[in-house]
Amino acid sequence: MDVMGDKATLLETGRFVQSSDRDEAGEAAEELRLRLAAEAGDVEAMSVLGSLLLRRGDLDGAEPQLRAATAAGDRAAANNLGVLLHQRGYADEAAGWWRIAAVAGSAAAAHALGRHHRERGDEPAAEYWLRQSAEQGHALGAYALADLLEHRGDAGAEQWMRAAAERGHREAAYRLARALDRRAAGDADGDNGVGGDSGAAPEAVEEAEQWYRQAAARGHRRAALHLGAILERRGELKEAGRWYLTSAKDGEARAACALGFLLRDAGDTESAAVWWLRAAQEGDGNAANALGALHAERGETQTAERWYRAAMDAGDVNGAYNLGLLCAEQGRTAQAEQWYRRAAYAGHREAANALAILLLQGGDTAGAEPWFSKAAEAGSVDAAFNLGILFAGRGDDGVALRWYERAAAAGHTEAALQVGMSRLRDGDEAGAERHLRCAAGGGSAEAAYRLATVLDARRPPAPAHELGESVHEKSECEEWYERAAGQGHRRAQVRVGMLAAARGDVVEAARWYREAAEAGSRNGAFNLGLLLAREGSEPEAAVWWTRAADAGHGRAALRLALVYARRGELAEGQRWADRAVALGPGEVAERAARLRDALREELSA
């Protein structure tokens with residue numbers, strides 16, 4: 001039993017003082033005084049002396065004092081005698097004395113007796129005595145009663161857990177907070193998670209935090225861990241770190257791991273590694289994975305592999321997945337497949353997706369598909385997108401679209417782009433716009449460009465302005481063109497250049513054309529050439545037209561033919577005219593043919 005003595009009764013005598021509050025000489029003097037009083041027949045002195053010796057571990061010295069005081073009717077002595085006998089292994093005799101003390105009104109004895117009956121499986125008797133203790137305001141009795149009722153699924157458990165918590169019982173405060181957390185978040189996973197859902201009912205979350213804080217302040221390390229997690233989610237990182245540190249110092253491995261991540265995010269990798277090491281050595285797989293990743297980043301692959309294996313040995317399936325990633329990066333494909341399979345069979349969805357990709361790269365499409373499906377059904381968004389690619393490659397566009405839609409609904413940017421493009425092909429402009437906006441908002445330059453083209457097509461013509469004023473208000477489609485251009489999309493860059501040229505901003509137009517041209521856009525090179533030619537820089541324009549023509553731009557080839565013809569370099573002009581005829585399009589080919597024939601006649605004259 002973890003409780004010795006009816007503390008309230010003992011303190012009422014005014015004679016019992018905790019040993020931690022006095023020096024050894026004073027304690028010895030107090031003990032001597034109690035012995036003299038006990039020898040003189042003072043029952044209360046016998047009880048207090050017996051309790052003092054019991055706390056010290058002197059069972060032989062305590063027993064006669066407690067028996068004498070119990071015989072004289074002292075209920076605190078009866079309770080403590082029960083504790084002593086329980087420590088000696090005489091549980092049934094201990095229960096007899098606890099019963100006497102409990103009947104006499106000792107809440108501590110009623111609690112001890114209730115615990116005794118519960119250990120023997122007599123729950124009705126346990127509940128009776130624990131309720132007696134709890135109703136007298138005994139915190140341990142209230143907690144034990146709540147624990148019994150909770151085990152039975154009784155709704156009254158929370159009432160007594162709250163009563164124990166309000167009386168300062170730290171484990172009760174922690175368990176009450178966990179119950180509120182689960183209720184708020186709809187999480188029935190018990191103590192496996194840390195903290196509640198940030199989207200839960202604010203009142204319940206707030207109350208849970210208060211109880212976590214009370215338990216943590218009383219030294220409950222798991223409460224400190226959960227409190228740290230709540231504060232971290234709220235962005236109060238400094239205080240979160242303090243509670244993680246408190247919990248970690250008390251031996252909570254998960255807190256040491258969480259503290260490591262906080263330190264890493266703050267840029268202190270070395271301190272993070274210290275706490276991860278501490279957590280990993282205590283069996284925390286997440287910390288072992290973090291250490292593995294840290295060493296992998298440093299190129300220390302052997303050490304990384306050792307920690308990934310440690311994570312796996314700790315039961316963290318991410319260890320096997322990370323080993324697969326490490327082997328894949330090193331080109332050890334067979335071993336990567338082995339680790340991916342191990343993690344995938346254990347239910348790791350991203351490992352299943354990675355395994356499918358590995359098989360697909362090896363040409364095993366039939367083997368890849370079921371793993372993609374398994375990963376997608378388990379919630380892997382990437383796997384759903386990959387299934388879309390797989391079926392699109394087979395020409396099964398309907399099935400591909402369904403997987404793209406599934407991935408897009410979960411926020412996959414490229415999947416949303418594919419759905420948007422499919423809607424465009426089907427003529428569903430509204431559906432296309434919705435998905436393209438999602439993809440563009442997610443950072444897809446191609447989606448931003450295609451959204452801009454959709455908006456551009458429905459843009460009304462620019463209104464006429466009086467007195468020839470040039471008034472330009474940037475439209476939404478221009479903003480999307482510019483966003484795509486800023487992300488390096490070459491066609492968008494050309495389009496932004498064209499819009500700038502149309503409003504007379506030659507410098508801006510040239511900048512965008514040049515960016516596109518230098519990135520390999522033949523249209524950008526051609527337009528830049530046109531701009532330079534208009535500005536009187538035909539030699540530089542010819543350089544860019546040459547680059548465009550070499551990339552297959554027929555109009556650029558025709559322009560070069562005209563340039564060389566004007567210079568009198570007829571043979572070179574004829575060569576570029578031939579190239580323009582070959583490249584087209586039709587109108588260009590027709591003009592180039594006429595020019596070529598004229599140059600040929602000139603050369604043969």
Side-chain angles (χ1 to χ4, degrees), residues 1-12 16 18 51 55 75-76 78-80 82-83 86 91 94-95 97-184 190-191 203-204 206-224 226-227:
M1 286 295 158
D2 56 349
V3 178
M4 295 186 294
D6 189 338
K7 187 175 179 182
T9 302
L10 294 172
L11 288 173
E12 283 172 2
F16 182 81
Q18 296 185 34
S51 174
R55 290 175 187 274
R75 71 178 189 184
N79 176 46
N80 285 333
V83 172
H86 187 273
W97 290 111
W98 281 329
R99 182 181 294 274
I100 290 171
V103 169
S106 171
H111 164 248
L113 186 57
R115 289 277 301 276
H116 169 80
H117 284 298
R118 187 174 182 189
E119 286 169 3
R120 277 155 179 71
D122 188 353
E123 289 197 2
E127 181 181 351
Y128 174 81
W129 288 110
L130 291 176
R131 195 174 291 277
Q132 293 293 317
S133 175
E135 289 175 350
Q136 291 180 63
H138 195 273
L140 291 173
Y143 173 73
L145 176 60
D147 185 67
L148 175 64
L149 295 175
E150 187 175 87
H151 176 73
R152 291 210 307 246
D154 192 314
E158 184 176 320
Q159 168 199 346
W160 291 110
M161 196 69 78
R162 189 179 295 276
E166 288 170 350
R167 290 164 189 152
H169 194 290
R170 70 179 191 181
E171 184 66 24
Y174 170 72
R175 287 179 63 175
L176 178 59
R178 293 297 296 138
L180 292 166
D181 239 352
R182 288 193 296 270
R183 184 187 307 158
D191 200 26
E203 298 83 3
E206 184 178 347
E207 186 182 3
E209 180 183 341
Q210 290 172 355
W211 290 115
Y212 280 136
R213 194 175 289 277
Q214 178 172 312
R218 292 177 177 272
H220 196 292
R221 69 186 193 187
R222 282 176 296 163
H226 286 274
L227 179 58

Considering non-hydrogen atoms only, spot the tightest contact between [X] and [Y] and give its length.
X: Asn79; Y: Ala108; result: ND2-CB, 3.7 Å
X: Ala142; Y: Arg167; result: CB-NH1, 3.8 Å
X: Ala144; Y: Arg118; result: O-NH1, 4.2 Å
X: His117; Y: Ala126; result: CB-N, 3.7 Å
X: Ala215; Y: Ala173; result: CB-CB, 3.9 Å
X: Ala223; Y: Ala216; result: CB-N, 3.7 Å

[atom1] of [X] to [atom2] of [Y]: how many Å apart, nearest 0.5 Å?
X: Leu130; Y: Arg115; atom1: CG; atom2: CZ; answer: 8.5 Å
X: Asp122; Y: His116; atom1: CG; atom2: NE2; answer: 9.0 Å
X: Glu127; Y: Arg152; atom1: CD; atom2: CZ; answer: 4.5 Å
X: Gln159; Y: Leu145; atom1: CD; atom2: CG; answer: 8.5 Å
X: Glu158; Y: Glu150; atom1: CD; atom2: CD; answer: 9.5 Å

### Message
Keeping Arg218 on the side-chain end and Arg170 on the backbone end, is there a donor-acceptor pair under 3.5 Å?
### Response
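Absent.
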#### Entry: Gln214 side-chain N/O to Ala165 backbone N/O, donor-acceptor pair under 3.5 Å
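Side chain of Gln214 to backbone of Ala165, a donor-acceptor pair under 3.5 Å: yes, one is there.
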### Task
Output, in order, the C-alpha distance, side-chain angles, deciding distance and verdict of side chain to side chain contact (heavy atoms under 4.5 Å, CB included) for Gln132 and Leu113.
CA-CA 10 Å; Gln132 293 293 317; Leu113 186 57; over 6 Å; no
Answer whether the closest heavy-atom distance between the side chains of [X] and [Y] falls below 4.5 Å.
X: Arg175; Y: Asp147; result: yes
X: Leu176; Y: His169; result: no
X: Trp129; Y: Arg99; result: yes
X: His138; Y: Tyr143; result: no

### Query
So Tyr212 and Tyr174, would you call those rings parallel, tilted or perpendicular, with 30° and 60° as cut-offs?
tilted
### Task
May I have the step-by-step check of salt bridge (charged side-chain N to carboxylate O under 4.0 Å, His left out) for Arg162 and Glu166, ending in yes or no?
CA-CA 6 Å; Arg162 189 179 295 276; Glu166 288 170 350; 5.2 Å; no
### Query
Checking salt bridge (Lys or Arg N to Asp or Glu O under 4.0 Å) against Glu171, which of Arg222, Arg221, Arg178 comes through?
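When salt bridge (Lys or Arg N to Asp or Glu O under 4.0 Å) is applied between Glu171 and each of Arg222, Arg221, Arg178, only Arg222 qualifies.
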### Query
Does Ala94 have any side chain to side chain contact (heavy atoms under 4.5 Å, CB included) partners at least two apart in sequence or in another chain, and if so, which?
Leu85, His86, Trp98
